[in-house]
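These values consider heavy atoms only, across backbone and side chains, with no hydrogens, waters or symmetry-generated copies. For ligands, and for the atoms within them, numbers begin at 1 and follow the listed sequence. Since we're looking at a predicted model, the values are computed, not measured.
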Amino acid sequence: MEKLLVSACMLGISCRYDGKSKRVLNENVLARLSQKYELVPFCPEIYGGLPTPRTPSEIVSNEVHMKDGTNVTENYKRGACEALRLCDTFGIKKALLKERSPSCGKGQIYDGSFQGKLISGNGVTTELLLSAGILVFGESEAEELLV
Ligand code: SF4
């Protein structure tokens, strides 16, 4: 069965910055995805060495900073590299990632002001996976993985 990398928080794993999960996938869609793919949960921020819960971060000028100003760019890069290593190791060609995250976001991310403003862009992991030819889908595009 084809493997699909999935943001772990969307599969009910409590790995978000606030210590919670984010079950945004429709149950029916999730069931159909499970029939078609072997779902591989992954959280790049955890693999980048960050604790849970943690202070939220946003991308500012190609760096990632926590709200308190701590520069966590290297943690985000490490997590992205681990995601790509996992894909390479298991031949994973597609990923379903959580939108708007500074790691997993695709198409839109927060602007770095921590005021809830969105701008165009990708999270650090998404950017690396895309550059390696992995097809990345956000949760609003999950149905595209089922056609
Ligand atoms: S880094 Fe990705 S998988 Fe981890 S909590 Fe954030 S959105 Fe979810």
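Counting atoms of ligand 1 from 1 in the listed order, those under 4.0 Å from a heavy atom of R16 are 5 (S). Close contacts between ligand 1 and K98 involve ligand atoms 7 (S) [criterion: under 4.0 Å to a heavy atom]. Residue contact check: A8 has heavy atoms under 4.0 Å from atoms 3 (S) of ligand 1. Listed by number with element, the atoms of ligand 1 under 4.0 angstrom from any heavy atom of C15 are 5 (S). The atoms of ligand 1 that sit less than 4.0 Å from any heavy atom of C43 are 1 (S), 3 (S), 4 (Fe), 5 (S). Residue-ligand proximity, F42 to ligand 1, at heavy-atom distances under 4.0 Å covers atoms 3 (S). For ligand 1 and S101, the ligand atoms under 4.0 Å from any heavy atom of the residue are 6 (Fe), 7 (S).
With respect to K106 and E99, no salt bridge is recorded, no charged nitrogen being found less than 4.0 Å from a carboxylate O. The residues K67 and E58 are annotated as not salt-bridged, no charged nitrogen and carboxylate oxygen being separated by less than 4.0 angstrom. R16 and E45 are not joined by a salt bridge, as no carboxylate oxygen comes within less than 4.0 angstrom of a charged side-chain nitrogen.
For atom 8 (Fe) of ligand 1, the closest non-hydrogen atom on the protein side is C9 SG, 2.3 Å. Regarding atom 2 (Fe) of ligand 1, its nearest protein heavy-atom neighbour is C104 SG, 2.3 Å.
Side-chain heavy atoms closer than 4.5 Å link hydrophobic residues (I, L, V, M, F, W, Y) into clusters, and following such links, even through other members, never connects L118 to V136.
Other residues, nucleotides and ligands contribute over 12 non-hydrogen atoms within 6.0 Å of the NZ atom of K36. With a 6.0 Å radius and a threshold of 12 heavy atoms from other residues, nucleotides or ligands, N62 has its CG atom at or below the threshold.
Residue Y17 does not touch ligand 1, judged by heavy-atom distances below 4.0 Å.
Checked by atom type, the side-chain pair S120/Q108 shows no donor-acceptor distance below 3.5 Å.
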